[in-house]
Engineer: 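One structure follows; several queries about it will come next.
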4 protein chains.
Amino acid sequence: MQTQILERMESEVRTYSRSFPIVFTKAQGARLTAENGREYIDFLAGAGTLNYGHNHPKLQEALVEYITSNGIVHGLDMWTAAKRDYLETLEEVIFKPRGLDYKVHLPGPTGTNAVEAAIRLARVAKGRHNIVTFTNGFHGVTMGALATTGNRKFREATGGIPTQGASFMPFDGYLGEDTDTLDYFEKLLGDKSGGLDVPAGVIVETVQGEGGINPAGLDWLKRLESICRAHDILLIVDDIQAGCGRTGKFFSFEHADIVPDIVTNSKSLSAYGLPFAHVLMRPELDKWKPGQYNGTFRGFNMAFVTAAAALRHFWSDDRFERDVQRKGRIVEERFARIAASLTEMGHPASERGRGLMRGIDVRDGDIADKITSKAFENGLIIETAGQDGQVVKCLCPLVISDEDLLEGLDILERSAREAFA
Amino acid sequence: MQTQILERMESEVRTYSRSFPIVFTKAQGARLTAENGREYIDFLAGAGTLNYGHNHPKLQEALVEYITSNGIVHGLDMWTAAKRDYLETLEEVIFKPRGLDYKVHLPGPTGTNAVEAAIRLARVAKGRHNIVTFTNGFHGVTMGALATTGNRKFREATGGIPTQGASFMPFDGYLGEDTDTLDYFEKLLGDKSGGLDVPAGVIVETVQGEGGINPAGLDWLKRLESICRAHDILLIVDDIQAGCGRTGKFFSFEHADIVPDIVTNSKSLSAYGLPFAHVLMRPELDKWKPGQYNGTFRGFNMAFVTAAAALRHFWSDDRFERDVQRKGRIVEERFARIAASLTEMGHPASERGRGLMRGIDVRDGDIADKITSKAFENGLIIETAGQDGQVVKCLCPLVISDEDLLEGLDILERSAREAFA
Amino acid sequence: MQTQILERMESEVRTYSRSFPIVFTKAQGARLTAENGREYIDFLAGAGTLNYGHNHPKLQEALVEYITSNGIVHGLDMWTAAKRDYLETLEEVIFKPRGLDYKVHLPGPTGTNAVEAAIRLARVAKGRHNIVTFTNGFHGVTMGALATTGNRKFREATGGIPTQGASFMPFDGYLGEDTDTLDYFEKLLGDKSGGLDVPAGVIVETVQGEGGINPAGLDWLKRLESICRAHDILLIVDDIQAGCGRTGKFFSFEHADIVPDIVTNSKSLSAYGLPFAHVLMRPELDKWKPGQYNGTFRGFNMAFVTAAAALRHFWSDDRFERDVQRKGRIVEERFARIAASLTEMGHPASERGRGLMRGIDVRDGDIADKITSKAFENGLIIETAGQDGQVVKCLCPLVISDEDLLEGLDILERSAREAFA
Amino acid sequence: MQTQILERMESEVRTYSRSFPIVFTKAQGARLTAENGREYIDFLAGAGTLNYGHNHPKLQEALVEYITSNGIVHGLDMWTAAKRDYLETLEEVIFKPRGLDYKVHLPGPTGTNAVEAAIRLARVAKGRHNIVTFTNGFHGVTMGALATTGNRKFREATGGIPTQGASFMPFDGYLGEDTDTLDYFEKLLGDKSGGLDVPAGVIVETVQGEGGINPAGLDWLKRLESICRAHDILLIVDDIQAGCGRTGKFFSFEHADIVPDIVTNSKSLSAYGLPFAHVLMRPELDKWKPGQYNGTFRGFNMAFVTAAAALRHFWSDDRFERDVQRKGRIVEERFARIAASLTEMGHPASERGRGLMRGIDVRDGDIADKITSKAFENGLIIETAGQDGQVVKCLCPLVISDEDLLEGLDILERSAREAFA
């Protein structure tokens, strides 16, 4: 396997090829194939981008049909039949059954673009500059989004520009089980001298992904919504990683029975790994003037095609979401078992998550690395999350077969054992 | 043609569907087809994204072959055979013949992402925060890139966050023919009290696109490079719109015989309208630590495939670039004629540009709008640029047939006449 | 009393003349005389600027002697005999007995200037931009200092520039009696993804003045010092209001037995109401290059004269500080009684403070206003503090006679009663 | 002369004591006396703070009378008889004869405080964040003011916080004699894509002081006023150094027959070296809410007393300003002669200035230093200005006797000669 040119020509910024120093060629479903022919079960799935697996045949068919028929691939934000179909499907399959009423902004096709658009819209709509975000939140690394991202690795690599426009609050559970961190937020909102500029919006992940698979309590989310309403603050749910079914519902906030004012989606939104993002907003918030937020690849037509096909295929009834929930319980149970066994071996660990967004917190990044390295040796692609990389996380495709899922879990369990043999 | 759902569901931010309120379905080469069957010649080409036209058969074939063989579509920044092939091809076909030596950073797949990465790298590498940019420059709208973008429409829509980290200098020609605007820049660099923080880098388009098709003089570019070298400032060429052959060379800066320290490409880089971007940097500038700049869609494999195929097909010898230059001269001549005839009709106008990046400056946005509206009626998609939209610009596919090119030019000439009949 | 010209010509920004709409002419000790001949006892004392009372005869004599002998009044930062005498006296009378070793920076003569210099020095010394400050902290209103000031009235009047470079933490007691707010700070410091940029320094008032007379616990301060030491963060005590004996020690931090890295003093530093400020820093922190922080009125010679005289007169032994502590207990007792009686009347209230920096928290700004308005009618100048102005505060001159002190307290007690009769 | 304690205890930030390493004790008129008894003629005069000389007897008398009668020294911004007298005198003596109508804001008593208040007011009044300032402008070093100050020494010592909220334009003459730099400013104002955020205000010194004694042309100032009016931008004249008679008129802008919207004064405003500043604003701009901009030493009563006395004594008729103009011509002539002689000696030099704000530009900071060092040896205190300290500047007291003035000029001329002997 030739890797020299990759090592020589690609910037040192590269990361995943350090954990998995191997060249991949093919992929299907929950399996990746390397150039040497070896197959790996994929519990990373593009960090949540491949909820429907690699190269799903149904979606592949729709995509190839679109391409070969010379469908519009790139049209800036011109109207296309593919865009219309996407919007119609989104409304019919997703919004209507959930009683949602959103307008759709199609910014550049990445998560950070969607976040920049969402927080900027909140600022414009409310005439205030501040955005409240949470400890361990991750919302992207372009300068506007970075202000809301907690990770120092990124925050310290701006080359001397401090971020601005965001204030951090403690996420649910951050101050221990007995403290409702929203008490602090609410107190500050009511305090004319507390140093918190009244925010235009609050941006939150209902389950923090990069931050360590931290699920916010459903009551906490409900109260957050109430606080926002009471103080005329917009609630922005960044559903880029937790959305599109990952937690067992299409939108992760459905569990808490809340309705955000603004929603960002990306990652699995295209359903096929294609760059794609949208921002949903309550219609009355659509304060944009024509062209005030643009980008060359806003509205990527190939993504409209696969996204719409996936909505129709997976979300027309509740079978898919029930299946995801079922698999989530399998992972939960096995992760609890692995955590217990690690604890027994003297490495205290615990399981957490929601749906198929699950992690084992082993308290220590080196321990987590040992487990995932061993897993890779054993044929499983799995990564870590959290401030120290201390959480082994499962983001397997939601469509994974029970067979692959169980095999992956077996490998993980074995790897955890072997790592400390 | 149903457009209600598009009007109802899409955010007011939409723009191109206002100029072309029609639903498009198919496209091939330099032609777009609307739902009602009408064909349009495309002189917009995704604002420079479709240099190789819509659905180029050669690239389509490679793409479909990749998809149907279950090639990796999304792999974060893992190593894939497609990435390796792209890097190898880039080196062989582009870098080596031009004597260039760059490392490649694959950020999120949009231009603004590439610009954020480029200017952040410059800051990190030099330990200074300031970036010099130019009047009428356009480099994207995420907050970091926005600081370097001159357009007020975007700058005023941040919701109360002033941009920071950039200083504007007058672009070539900004102060009239007799003033070399670099005198001002050089004076400020040497002035300890002039208010210009010593910049880490200078970002420049060799031909400003959105700013109004303004080509910088080749001597001016050469001098800019010298100034940067003399003051230890990095020269960043933003070749997102002018690159990939648009000006008649692969990189637009080849005309000036300069070698930037950092280069950004996007738009036509994938060659097929797929979201894709890279940042090129001199190897010694690669100061990134692993993962310091990330993004879910960095390194989009489908784009590697089409990009590499295009490099091989179009750039293995100089036939393509000579053909582009030839067509550029055709457009130049016709634009000059149109400008002359507008001037005669009492609407002073002039032609400018480089290669197939050309515009007619009609001095007034309303006049330009009248011409492009009339052109649309007559079957030609063409847009305007410049601070007041006063420049009718041609960004036709580089692969356009002479027939289509001449037909498009005929339509434009007729439309200009009709607009003021 | 003519006030029309004052109302017409002075900007609407004026404040104290709204609470006390009367023209004052003379002042001596703890008494102010209005133009109509009425005398007022002064429990405001220039918001802590007149610790030694108005026109103290000893200091007046030294000042007049200096002026009439044509001593240097203004010399930028040139060396003068007065400056030398001030520095010698500061070292002999203050530093040596307390075992302190500081270098002295003489910035512009106001508190906000000193704070700007202090936090900038911290940033330069540590090469980090962030400063941690606390809820309800007040450190001045120029843009650098404002970032560390919690009050929204000021923060919202910047005309569209968000402050930058500071992060707020909860002050001692902010989250209730049972929560040590430093737990949160320490957790964030150790959290690579908590959103807290590692600070260069922490700025704190040991007793918050404008924030509502909030004394930090001495253990809390001690722990804050430890945390700073452990994380290589500079501890900056802003002793502008609480210093110069106000709390019963020369420096307010002496109570907690801590040694800040940087200290700011102003207000009563000149001892005579003259604009004056200094920044003290551990010698090894003196990273300034010549002239890197300047200002026309740095080192006001008349203030050197009165400041040195006051140090010699009041601080050469411990009699003065014991007397301040004694009076502090008198105020404490009477404030407790007033608070109890207000509580009985149905207006829950409580006393707090340290030394002669004391307040009655009546929970409600309107109630506090009623009391202070009534007090003014009755011949006592007293003001409120706190985010809602809910704290009636006593900042009487430290040199107040027992007679005046008791009369003032009597008036206040009577006024509190009358306000709710 | 003991200087050890000064060298040991004062921060390295000290500057003037490096040029004049000697301890001063007394001063009267235009003469400073050192501890060793030596007298110096003072051509620095507190960098323009001592327009009326040291310890002017008339003002000294008023000041001592006020102090010994126990006048209010410090009263925050309460009404005092001294404040009222100041405002009345300002109106009668200054505003009325000049047809001016301003309200008066009394911020903290330093120039930078006044500038922070002025630009913040402009932002609040116009609802825009940007302030245009000029190359080589100096407006103070607190963070808000610093954004408008060109000097890198200060700009680079912020410890990693880039300034924000200001854009630099070339000052009059910056681009050579043949270029009207306002062409560039006006072009940018009208350019929707030039990168200049529409400013709330323009801040300008009519004669740049620290920047190198650069007088703006009177036509240029007039045109600047017109541009501001035409674009609804506030014109702020920072008259801190050039005001109070320095240029031969009370306000330096009177020469150009313009009326700024906002004016800042400090330095010589108190007339006695006391810290003092005010901001003047057209009445309709007084958008401040009570207390939105505060400071402990706002409205220093001793300064009201000397300031009012000086206005009455010097400005009740035009004799003083005519005398200043006469002395200005003397300095002009002698400076021209010195410049000519330096030029002859092979050190090209030229004279410039307005009134008694005059400099000799010797092109090179080392040359200027040699001259001023030699002058100090010869008994003359004189300093340099300009980005490289290349301008020897005369800021002698306006009240200087002809005798002292001529002696000072003789010393300077001799020193210039000796420096290159």
Side-chain angles (χ1 to χ4, degrees), chain A residues 123 127-139 146-156 158 160-171 174-176 178-179 181 183-184 187-198 208 210-212 214 365 385-390, chain C residues 123 127-139 146-156 158 160-171 174-176 178-179 181 183-184 187-198 208 210-212 214 365 385-390:
Chain A
R123 287 173 177 140
R128 306 179 205 131
H129 73 269
N130 199 23
I131 299 292
V132 158
T133 181
F134 292 95
T135 52
N136 288 292
F138 180 91
H139 304 285
L146 182 59
T148 65
T149 289
N151 200 302
R152 274 184 202 155
K153 180 175 62 183
F154 305 113
R155 295 179 70 83
E156 293 179 348
T158 65
I161 307 267
T163 63
Q164 60 179 351
S167 300
F168 280 83
M169 287 294 126
F171 191 70
Y174 197 76
L175 299 174
D178 300 335
T179 304
T181 56
D183 291 347
Y184 183 37
K187 185 169 167 66
L188 279 175
L189 280 173
D191 186 341
K192 295 194 202 102
S193 188
L196 182 70
D197 295 330
V198 180
Q208 293 184 324
E210 299 308 300
N214 310 313
Q387 51 149 317
D388 297 310
Q390 81 280 22
Chain C
R123 287 173 177 140
R128 307 179 203 131
H129 74 270
N130 200 21
I131 300 291
V132 158
T133 182
F134 292 95
T135 54
N136 288 291
F138 180 91
H139 304 284
L146 183 59
T148 66
T149 290
N151 198 303
R152 273 183 201 156
K153 180 175 63 183
F154 304 113
R155 296 177 70 83
E156 293 179 348
T158 65
I161 307 268
T163 62
Q164 60 178 353
S167 299
F168 281 83
M169 286 293 128
F171 190 71
Y174 198 76
L175 299 173
D178 300 336
T179 305
T181 55
D183 290 348
Y184 182 36
K187 187 168 166 64
L188 279 174
L189 281 173
D191 186 340
K192 293 194 203 102
S193 189
L196 182 70
D197 295 330
V198 180
Q208 294 184 323
E210 299 308 299
N214 310 313
Q387 52 149 314
D388 297 311
Q390 80 281 18

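Below, chain A is the first sequence line, B the second, and so on; all start at residue 1. In this text the structure is predicted, and so the values were computed from the model without any measurement.
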Engineer: Taking side chain as everything from C-beta outward and backbone as N, CA, C, O, which of these in C/E210 sits under 4.5 Å from a heavy atom of chain A? Side chain, backbone, both or neither.
Structural biologist: neither

Engineer: Name the member of A/E156, A/R155, A/Q164 that forms the most heavy-atom pairs with chain C at distances under 4.5 Å.
Structural biologist: A/R155

Engineer: Nearest 0.5 angstrom please: A/N214 CG to A/F134 CZ, how far?
Structural biologist: 12.5 Å

Engineer: Just give me the residue among A/N136, A/N151, A/T179 that pairs up with chain C most often, heavy atom to heavy atom, under 4.5 Å.
Structural biologist: A/N136

Engineer: For C/Y184 and A/Y184, work out which heavy atoms get closest and say how close.
Structural biologist: CE2-CE2, 3.4 Å

Engineer: Main chain of C/S193, side chain of A/Q387: is a donor-acceptor contact present, judged purely on distance under 3.5 Å?
Structural biologist: no

Engineer: What option among C/D197, C/N130, C/L175 has the most heavy-atom pairs under 4.5 Å with chain A?
Structural biologist: C/D197

Engineer: I need the single residue from A/T135, A/T133, A/T181, A/V132 that forms a side chain to side chain contact (heavy atoms under 4.5 Å, CB included) with A/M169. Which is it?
Structural biologist: A/V132

Engineer: Say you draw a straight line from CG of C/L146 to CZ of C/F138; how long is it, rounded to the nearest 0.5 Å?
Structural biologist: 8.5 Å

Engineer: Of the listed residues (A/T148, A/T149, A/D183, A/L196), which shares the most heavy-atom pairs with chain C below a 4.5 Å separation?
Structural biologist: A/L196

Engineer: Nearest heavy-atom pair of C/P162 and C/G160: which atoms, and what distance?
Structural biologist: CD-O, 3.6 Å

Engineer: Given heavy-atom pairs under 4.5 angstrom as the criterion, report whether the side chain, backbone, both or neither of C/Y174 touches chain A.
Structural biologist: both

Engineer: Just give me the residue among C/A166, C/S167, C/P170 that pairs up with chain A most often, heavy atom to heavy atom, under 4.5 Å.
Structural biologist: C/P170

